[in-house]
2 protein chains.
Amino acid sequence: MFKALNDPTRREILELLKEKDLTAGEIADQFNISKPSISHHLDLLRQAGLVVSVKEGQFIYYSLNTTVMDEMLKWIISLQSPKK
Amino acid sequence: MFKALNDPTRREILELLKEKDLTAGEIADQFNISKPSISHHLDLLRQAGLVVSVKEGQFIYYSLNTTVMDEMLKWIISLQSPKK
DNA sequence: AAAGTATTTAGACATTTGTCTATATATATA
DNA sequence: TATATATATAGACAAATGTCTAAATACTTT
């Protein structure tokens with residue numbers, strides 16, 4: 001998950017999906033990167049559980065899965081507790 | 001910052017520093033990794049602003065700087081807002 | 001059934017990353 | 001001052017990462 005968030009392109013994809021669900025092609029259109037590369041990024045995001053994909057005809061819609069981020073939020077917040 | 005958090009060793013270092021400030025050597029002792037490698041990890045954490053180092057005699061004490069994490073918390077939380 | 005569109009898979013390649021050993025720098029102590 | 005200790009820097013190297021082009025798969029339309 002940290003790994004999935006480590007790439008600027010992937011973080012931008014998440015920000016796009018914040019607005020609304022998009023197909024792989026619509027996402028790829030937003031970047032100056034080849035479609036196979038975007039496909040690869042989407043695969044990594046999916047493996048990390050950060051996005052979910054649903055096939056609809058010949059399109060594949062991607063959407064955010066924010067529940068997974070709770071874990072990360074908790075981790076970061078736990079670091080902010082005061083020292084002994 | 002995402003980059004700094006992407007490595008398991010660096011995340012563990014942050015968790016150690018959560019308990020109390022430690023010298024570079026004390027940190028290195030917790031890992032099966034050479035001291036120069038740990039020194040490199042500490043440098044990356046420092047560059048990311050996640051830790052602060054203070055020289056005390058021949059020792060260098062490292063401590064957490066949690067303020068930087070607020071930015072990241074905000075980013076993650078912003079993704080969790082509902083869709084249009 | 002054939003051609004077109006959407007997406008993924010496969011394989012290659014350059015860059016980045018984490019690790020190491022060897023060496024350098026700075027401080028402390030005998 | 002010489003030696004020991006703490007830490008960092010330099011340079012090498014294998015593994016991981018992000019990108020590409022070419023080809024494959026799946027669906028749609030004519």
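Everything numeric in this text was worked out from a predicted model, so none of it was measured. Labels below follow one simple rule: chain letters A, B, ... track the order of the sequence lines, proteins then strands, and each chain is numbered from 1.
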Could you run down the sub-3.5 Å N/O contacts of the protein with nucleotides 13-16 of chain C?
none

Would you list the protein and nucleotides 26-28 of chain C atom pairs, both N or O, that sit under 3.5 Å from each other?
unit_1	atom_1	unit_2	atom_2	d
C/dT27	O3'	B/Gln58	N	3.4
C/dT27	O2	B/Gln58	NE2	3.4

Mind listing the side-chain donor-acceptor pairs of residues 1-11 of chain B below 3.5 Å, one per line with the distance, residues two or more places apart or on another chain?
unit_1	atom_1	unit_2	atom_2	d
B/Asn6	OD1	A/Lys3	N	3.2
B/Asp7	OD2	B/Thr9	N	2.9
B/Asp7	OD2	B/Arg10	N	3.1
B/Arg10	NE	B/Ala4	O	2.8
B/Arg10	NH1	B/His41	ND1	3.0
B/Arg10	NH2	B/Lys3	O	3.1
B/Arg11	NH1	B/Leu5	O	2.6
B/Arg11	NH1	B/Asn6	O	3.4

Below 3.5 Å, can you tabulate the donor-acceptor pairs from side chains in residues 67-75 of chain B to any protein atom, sequence neighbours excluded?
unit_1	atom_1	unit_2	atom_2	d
B/Thr67	OG1	B/Asn65	OD1	2.9
B/Asp70	OD1	A/Gln80	NE2	3.1
B/Trp75	NE1	A/Glu15	OE2	2.6

Can you list, pair by pair, the side-chain donor-acceptor contacts under 3.5 Å of residues 28-39 of chain A, counting residues two or more places apart and other chains?
unit_1	atom_1	unit_2	atom_2	d
A/Ser34	OG	A/Ser37	N	3.4
A/Ser34	OG	A/Ser37	OG	3.1

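Side-chain contact check for B/Ile60 versus B/Val54: every heavy-atom pair is 4.5 Å or farther apart. Put simply, the side chain of B/Leu42 reaches to within 4.5 Å of the side chain of B/Tyr62, judged on heavy atoms. The shortest distance between side-chain heavy atoms of B/Ile27 and B/Leu17 falls below 4.5 Å.
Hydrophobic clustering, defined by side-chain heavy atoms of Ile, Leu, Val, Met, Phe, Trp and Tyr closer than 4.5 Å, leaves B/Leu44 isolated from every other such residue.
In this structure, A/Asp7 reaches the sugar-phosphate backbone alone: every heavy-atom distance under 4.0 Å involves primed, P, OP1 or OP2 atoms, never a base.
Linking ILVMFWY residues whenever their side-chain heavy atoms come closer than 4.5 Å, directly or via other members, leaves B/Leu14 and B/Val52 in distinct clusters.
Note: CG (B/Asn6) to P (C/dT17) measures 9 Å, nearest angstrom.
The list of side chain to side chain donor-acceptor pair (under 3.5 Å) pairs with a residue in residues 44-61 of chain B, not counting sequence neighbours, reads B/Asp43-B/Arg46.
For the residue pair A/Leu22 and A/Leu16, the shortest heavy atom distance occurs at CD1-CB, 4.0 Å. Nearest approach of B/Leu64 to A/Leu79, heavy atoms of both residues: CD1-O, 3.6 Å.
Phosphate proximity of C/dA6 to A/Tyr62: absent, as no side-chain N or O sits under 4.0 Å from OP1 or OP2.
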So what is the 5' to 3' dot-bracket string for DNA chain C, if pairs are Watson-Crick or G-U wobble with both distances under 3.5 Å, crossing pairs use [ ] and | means the partner sits on another strand? ||||||||||||||||||||||||||||||
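Residues from residues 41-52 of chain A that place a heavy atom under 4.0 Å from any atom of DNA chain C: there are none. Listed by residue number, B/Pro36, B/Ser39 are the residues of residues 26-39 of chain B with a heavy-atom contact under 4.0 Å to DNA chain D.
Nearest-nucleotide assignment on DNA chain D puts the 5′-proximal partner with B/Thr23, out of B/Thr23 and A/Arg10.
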